[in-house]
Protein chains: 4
Amino acid sequence: MSDQHWILTAQCPSRLGTIDAVTGLLRQHQLYVTELHSFDDSHSNRFFIRACFNAESALKEDDFRQQFSERASEFEMSWELRPADYKPRVIMLVSKFDHCLNDLLYQYKMGSLNIEIPAIISNHPDLKELAGWYDIPFHHLPITADTKPQQEAQIWQIIQESNAELVVLARYMQVLSAEMCQKLEGWAINIHHSLLPGFKGAKPYHQAYEKGVKTVGATAHYINDDLDEGPIIAQGIDSVDHAYYPDDLVAKGRDIERVTLTRAVRQHVEQRVFLNGNRTVVFAQ
Amino acid sequence: MSDQHWILTAQCPSRLGTIDAVTGLLRQHQLYVTELHSFDDSHSNRFFIRACFNAESALKEDDFRQQFSERASEFEMSWELRPADYKPRVIMLVSKFDHCLNDLLYQYKMGSLNIEIPAIISNHPDLKELAGWYDIPFHHLPITADTKPQQEAQIWQIIQESNAELVVLARYMQVLSAEMCQKLEGWAINIHHSLLPGFKGAKPYHQAYEKGVKTVGATAHYINDDLDEGPIIAQGIDSVDHAYYPDDLVAKGRDIERVTLTRAVRQHVEQRVFLNGNRTVVFAQ
Amino acid sequence: MSDQHWILTAQCPSRLGTIDAVTGLLRQHQLYVTELHSFDDSHSNRFFIRACFNAESALKEDDFRQQFSERASEFEMSWELRPADYKPRVIMLVSKFDHCLNDLLYQYKMGSLNIEIPAIISNHPDLKELAGWYDIPFHHLPITADTKPQQEAQIWQIIQESNAELVVLARYMQVLSAEMCQKLEGWAINIHHSLLPGFKGAKPYHQAYEKGVKTVGATAHYINDDLDEGPIIAQGIDSVDHAYYPDDLVAKGRDIERVTLTRAVRQHVEQRVFLNGNRTVVFAQ
Amino acid sequence: MSDQHWILTAQCPSRLGTIDAVTGLLRQHQLYVTELHSFDDSHSNRFFIRACFNAESALKEDDFRQQFSERASEFEMSWELRPADYKPRVIMLVSKFDHCLNDLLYQYKMGSLNIEIPAIISNHPDLKELAGWYDIPFHHLPITADTKPQQEAQIWQIIQESNAELVVLARYMQVLSAEMCQKLEGWAINIHHSLLPGFKGAKPYHQAYEKGVKTVGATAHYINDDLDEGPIIAQGIDSVDHAYYPDDLVAKGRDIERVTLTRAVRQHVEQRVFLNGNRTVVFAQ
């Protein structure tokens, strides 16, 4: 743990002493805090904290974990401790559209999205070559109404076998079953091609065109029991005018979607995002 | 008409020769076009044009109007010709909130909103002093469920007697009757305190809070038979995060509302906005 | 101190234990932290912290101050403790332009800018009426090359007699003397009508026009020995195009200036801004 | 020319009748104008026009060109007529950084950047594989102080042999010779990693860090005799705060650069950009 950067995140019910429970132990172990954000939500009565620190001493990680664990249970805290350069394993689900996947993979290769990608799964073969370019295993799992349960079982198996910590639906054009949604609740990020709670249903950009909107947007959110309505992480938006026909809106939307999804995934990976009931707390950079 | 700046706007069904009908006559009368925008909407099959020009010759306005009128009727054009510094008469409807009115009046005084304001009408007395500061007649027309028809009749009378060309609902917290909406269709601008088609109904910012949105917005639109759903002129938006409680969202919203409404009114006044069915065409600066 | 919201801010050289010095004492006094942000700048080697807390106990403010004072001196901390609803006394310096002053006064009246304004000082009489509308004492202190030292002495006297805690140069078109700048260093906010380090010198919008820029901006900053180059608090920007002549840029600039200055003043007043050498740390909402 | 979409652009000295010279002939040939923008710059005394039209008749392109050519020479117009789906041949110059090239190539593959890329030229071999992935010939032309003239001669030869119509310096980290700049003046787009006229010289993001800016930006511009100071096409910007160290600003800058350069190239390719002395006219979508 020497000379390393760490990120500690925690949340628990609101109570006196929550911050001190974290900062006190960090201090006790001579850990140097470089950045700290806490928020106590008076609406949900929950406390959230994210602390970045450097460890220059030779403290054993195990000791710290054990001691913090005791404090945490006293406060009913859920918490995570990770090296700042920890790379979570992220599974990507896609269909035919490559704009989101392309951006995620590029940021991944650049090192500006600090993740491992053990697998890309698609119900279509189209993006196999793109996955190959980045040396990532590609699983083509076609789906029909009849084979949906089996296909989802296969997806789930890959997720489990790769010890995935996050699933990203990068324009995966299938509706996941309620059961699958439940399994992925809170650790799968979807991109909704509209500014929730805006246009729902099919062809949101065509709906937007008919409505004559002057802005279009997209929403990245965790999935919960409702695939398209979970807690919002990030929203992106851009201006349009009368000269944008539906196809132009779709093109504009693609740009917003990829930027918004990548931002949300980065925020999640950097442990800036906390679930807070139907909402999120995001300590932005 | 000598040495003056003019703006000519027109719209009509799509047809070959529409632009030439405008530019040809301008040329014929030695009028110097400084800026021209046209758009032919292949969805609604309508043509829109806005031309700014200088008149250095001594042409009589009447002659030009008559000749253009002939061409226009041939193309079923509706059109307007105005000096660029023409100040339309605008009636403001308000209740108690002053953030939108304050901004409109300030821009008006600065000369950056080129209008006359023959009257400010309110169902509350609160903004009388503000109107007085800007030397604008203030009409306090209280309203109850019983007196609504009479109050609207009074409003309508003021609108008519002042020859108003535009009505601005600057956070007028009353629902206009269907009849009043119909009368004002296409020439009254309302500010909807949400990014349509987002949160409808009461307390949109509280709804936004519950939903955990990361952006809030406002929509300026013409009223039609539906007070809150007419053709959109402008939309404003800003980012928020988890630390915005409902009151903070309301405060943020106020800033977006006033900026968005003022922008829409300015665009209307500069004759940049055209009704296009349920949508608008806006030739922005 | 019971049932009140407080804000505690501090900065000091980087050192192990800085956060704990703050949070530990807050905990000890049963003070409930609702929001905390800290940042340790590895470039300047300085630590910054802002903590919002509620006091439900009956602790005397004096006791807390004395005890914190001891810790603070150990860490060479400079710090401030204020009720969250504390209204600092702010002096406004203006000339003829009213766009910045108008916005500041409006936000002040609305209660969204939590300040007292003991005086508005101007070298021109033009804005006397505006000050009167808001019931604020207006001091007309004309200036010539010869009377500059005396005029500045008068300004300084007003600042001192009113116990001002902040001076805002809301488009005060005079260059303050080096001596005056020194006196106000770090507690006077100026608005530079350009996006520093952009166009300097006279007529920045005309320079911007000649350069053909596609964006214009403004910078709110503390003044230091250089009136126009002190630590930046906030920057605003907007898009323009070829159709913006210099006058249009000036008008656009006015809108950016007022929004940017108001934002910077609000951030200062909410104790979100820390001086950090030639830079600032701003814990934004 | 039947059933095709065309774009006609022209510019000439300001003079009465310029628009009519264009629209009149379009009308005469039964060409259907779908969108038209004109601007007459009273500062440079030049006129600019962009007309999109559909040709449903069987008119020969040659006839139209010849007739328009006559009118154009009367007005000293320079002009271009192209099918809307015309793909100009664009040469990319790069070094080691791939963020700009990657985005340009992706948009190219998607069809949202309507170009041919006959060659990518680099002074380093690093991006050869990326070029290969998109099946584009890659020319590795290393450079030393001694070989600069020869290397530029090779670049020039490739440009000429491929009949390139546009050169894009997608983070080409070499300073082109004055001679080369002259040859490319007005038809080579460079990305400057700062918001001109902001930080010049080396390491602009480090300069920005020292200055403590709250925004960073990038500028896409044509090169002229000064490689880094030609007419601006597009500028991009984003917010940063105190927590961005120089490396973070560089990463943020990369995102702005790629978006801004791609936008400028698209605007150029869609014939929306006109040179206007040291400035540009850009008829944006």
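This one's a predicted model, so the numbers in the text were calculated from it and none came from an experiment. Order of the sequence lines fixes the chain letters, A, B, ..., with proteins taken first and strands second; residue numbering starts at 1 for each chain.
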Less than 4.5 Å to any heavy atom of chain D: does that hold for the side chain of [X], its backbone, both, or neither?
{"X": "C/Leu195", "value": "side chain"}
{"X": "C/Ala243", "value": "both"}
{"X": "C/Ser42", "value": "both"}
{"X": "C/Asp41", "value": "both"}
{"X": "C/Gln207", "value": "neither"}

*If the plane angle is over 60° it's perpendicular, under 30° parallel, otherwise tilted; pick one for C/Phe283 and D/His242.*
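Geometry flag for D/His242 against C/Phe283: perpendicular rings.
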
_Looking at C/Asp248 and C/Tyr245, would you say the former's side chain and the latter's main chain have a donor-acceptor pair under 3.5 Å?_
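Yes, the answer is positive, given that a donor and an acceptor are paired below the 3.5 Å cut-off.
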
*Please determine, among C/Asn278, C/Ile237, C/Thr219, the option with the most heavy-atom pairs under 4.5 Å with chain D.*
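Most heavy-atom pairs within the cutoff with chain D belong to C/Ile237.
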
*C/Phe199, C/Phe274, C/Phe48, C/Tyr209: which one forms the most heavy-atom pairs within less than 4.5 Å of chain D?*
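Among C/Phe199, C/Phe274, C/Phe48, C/Tyr209, the one with the most close pairs to chain D is C/Tyr209.
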
*Can you see which heavy atom on C/Ile19 is nearest to which on C/Ser38, and at what distance?*
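Reported closest heavy-atom pair: CD1-OG, 3.2 Å.
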
*Of all the heavy-atom pairs spanning D/Ile191 and D/Glu257, show the shortest one and how long it is.*
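Taking every non-hydrogen atom into account, CD1-O, 3.7 Å.
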
*Could you tell me whether C/Trp187 and C/Tyr222 have their ring centroids closer than 6.0 angstrom?*
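Ring-ring flag for C/Trp187/C/Tyr222: false, centres at least 6.0 Å apart.
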
*Between atom CD of C/Gln107 and atom CZ of C/Arg263, what is the distance when rounded to the nearest 0.5 Å?*
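Rounded to the nearest 0.5 Å, the CD-CZ separation comes out at 12.5 Å.
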
